[in-house]
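Some notes on the structure that comes next.
In listed order, ligands and their atoms are each counted from 1. Predicted model only: the values in this text are computed from it and were never measured.
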Amino acid sequence: MKFPPGLPIDDIKFLCSILAKKGESRLVGGCVRNILLSKTSTDIDIATQVEPKQAMQLLTKEGVKCIPTGIKHGTFTVIYHKQHYEITTLRRDVETFGRHAEVAFTNDWLEDAKRRDFTMNAMYIDMDGNLYDYFKGQQDLAQKLIRFVGDPEARIHEDYLRILRYFRFYSYFDGNNMDDASLNACKKLAANMDKLSGERIQLEMFKIINAKFAMDALALMHKNSILKVLGLDIQSDGFWGYNLGDDSIVNLAALLRCCAKPADTLAYIKLRWKLANKTFALLDFLVHLPFTANDAKQHQLRLLYQHGLEKYLGGVKLLAAETTALPADELISRATNAVIPKFPLSGDDMLKIGYSGKAMGVAIKLLEKAWLESDFKLSKSSLLAQAKHKLNKF
Ligand code: ATP
Ligand code: MG
């Protein structure tokens, strides 16, 4: 197997050579799929025979930064030359509980492969570029066939997150072939996703919604009632014609706007998916988007002033996903470079001319509105003149 040019293979070999004192290490997961597809990877997973504590000790001794991110389950993270590596000791399941498994470490690559989810994820590449493929993963990858290792229903009962992972990997490819047994098992056992934590659902859903072929995966999830189980009850068929981009929050907002009751659905997933307040606030703004497509310069500045850059950009991306008629790229680059005007009057200015308390707040609001409607043209002196004129009316 040839390593693709963008892969930091010298660094990977260096890290694995440190561990080699106690056992072998191989690439696994997404980066193996990508090597087989001649693509580069941002995420790199390494499987090792070395037990986690010992592996961390060996690397730390050589000055490599290790973070015990999931040490209880045998995983830690290495940061080396700014690249993150997830290093996981080979495991076999002792007992599973629908999400959390009791695991034992092993030296046996086949045992480790058996507990991985899909055939295309159960392949390894060693430092000499040899591929270890235990369940015809290479063949399935070439056919874009997401297939569980072993019996799909049994594998899902071990960990219900695998239902969402199935659709995550589906969303990575277009023109997928279908392993009926795998899909049917996901459909049959979907209700068990109620046992998953909100954080995990959110993480997987955002990965799906952000993937290159999100629409294909979402359509399959919809058809098989998986979205419904997650609270996403899409009513408008218009959604399937949308042109989703690479912003997962915007894409989710587009989906929510096609649900029967967008605000209620958003309120539900805020709690169920444990959305952060900031994510919720942006979704809430987008679901009720208070502006429509308009590329006039002054209109854009007004919106930027009123809502700020992040919400404005989200709105433009959302409108672009929903209609193709918007010159979104131009609007986005214009907005990113725009100098947002500053309201010329301050509280101090108002105090100086005799305003105070509630009257001052009301007056500032009115003056700001007039200034906005003048497209920011009213000068400080004419605003002050208006303020003085209105003073005795408050
Ligand atoms: P990506 O490119 O999205 O990171 P990945 O295949 O690397 O895809 P990860 O979530 O990073 O996916 O997991 C790395 C590997 O660990 C997977 O390829 C799979 O072999 C294994 N794995 C992760 N989660 C599970 C799970 N819940 N059940 C079984 N195997 C899993
Ligand atoms: Mg990965």
Side-chain angles (χ1 to χ4, degrees), residues 4 6-7 12 25-37 39-48 52 69-70 73-78 83-103 106 109-125 131-135 137-138 140-141 144 146-173 182 185-186 189 192-193 195-197 199-214 217 248:
L7 193 76
I12 295 170
S25 308
R26 300 174 183 171
L27 293 168
V28 69
C31 73
V32 171
R33 292 195 311 272
N34 286 337
I35 290 170
L36 292 170
L37 298 169
K39 290 193 207 162
T40 52
S41 305
T42 42
D43 269 27
I44 298 175
D45 296 286
I46 295 173
T48 184
T69 38
H73 310 107
T75 301
F76 63 96
T77 303
V78 156
Q83 169 71 48
H84 286 227
Y85 300 89
E86 293 268 298
I87 303 193
T88 305
T89 305
L90 305 194
R91 297 175 290 191
R92 64 186 166 80
D93 286 334
V94 177
E95 207 176 334
T96 54
F97 310 96
R99 178 74 270 266
H100 297 289
E102 192 188 326
V103 293
T106 173
W109 293 95
L110 176 61
E111 279 289 333
D112 184 74
K114 277 189 199 159
R115 65 166 296 284
R116 293 186 180 266
D117 44 11
F118 305 107
T119 56
M120 64 172 68
N121 290 349
M123 296 185 280
Y124 309 81
I125 291 180
L131 176 73
Y132 302 85
D133 177 9
Y134 298 98
F135 309 104
Q138 191 175 12
D140 287 349
L141 180 67
K144 301 171 184 175
I146 324 292
R147 195 162 60 85
F148 278 97
V149 170
D151 174 55
E153 284 192 28
R155 299 308 313 284
I156 291 173
H157 278 303
E158 288 169 9
D159 178 0
Y160 297 113
L161 190 71
R162 290 173 187 157
I163 297 174
L164 289 178
R165 288 179 62 85
Y166 176 85
F167 295 100
R168 184 211 306 182
F169 295 109
Y170 194 90
S171 73
Y172 286 176
F173 309 101
S182 295
C186 290
L189 301 177
N192 290 288
M193 287 190 296
K195 299 176 183 71
L196 295 177
S197 75
E199 290 86 348
R200 296 308 304 220
I201 293 181
Q202 184 191 151
L203 207 75
E204 283 302 324
M205 281 308 293
F206 276 129
K207 280 187 180 171
I208 294 171
I209 270 174
N210 202 24
K212 193 155 179 208
F213 300 102
S248 45

> Does the separation of the ring centres of Phe148 and Phe118 fall below 6.0 angstrom?
Replying inline: yes
> Taking the six-membered ring where the residue is Trp, are the ring centres of Tyr132 and Trp109 under 6.0 Å apart?
Replying inline: no
>> The criterion is salt bridge (Lys or Arg N to Asp or Glu O under 4.0 Å); which residues satisfy it with Asp45, sequence neighbours excluded?
In response: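 Salt bridge (Lys or Arg N to Asp or Glu O under 4.0 Å) check on Asp45 returns nothing, list empty.
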> Taking atom types as modelled, is there a side-chain donor on Arg116 or Tyr134 under 3.5 Å from an acceptor on the other?
Replying inline: no
>> With 2.8 Å as the threshold, which protein atoms of type N, O or S lie near the Mg ion (ligand 2)? Leave waters out.
In response: Asp45 OD2
>> Could you report the tightest heavy-atom contact between Asp117 and Arg155, atom names first, then the distance?
In response: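 Minimum heavy-atom contact is O-NH1, 4.3 Å.
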> Do you know which of Thr75, Thr48, Thr77 makes side chain to side chain contact (heavy atoms under 4.5 Å, CB included) with Ile87?
Replying inline: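 Output: one option passes, namely Thr48.
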> Within the side chain of Gln83, is there an N or O that forms a donor-acceptor pair under 3.5 Å with the backbone of Asp43?
Replying inline: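 Flag not set: sc Gln83 to bb Asp43 has no pair under 3.5 Å.
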> Can you check whether Leu141's main-chain N or O pairs, donor with acceptor, with Arg33's side chain at less than 3.5 Å?
Replying inline: no
> Mind checking what makes ring pair (Phe, Tyr, Trp, His ring centres under 6.0 Å) contact with Phe135, not counting sequence neighbours?
Replying inline: none
> Tell me, which residues have any heavy atom less than 4.0 Å from some atom of ligand 1?
Replying inline: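 Heavy-atom contacts below 4.0 Å: Gly29, Gly30, Arg33, Asp43, Asp45, Arg99, Arg115, Arg116, Asp117, Asn121, Asp159, Arg162, Arg165, Arg168, Phe169, Tyr172.
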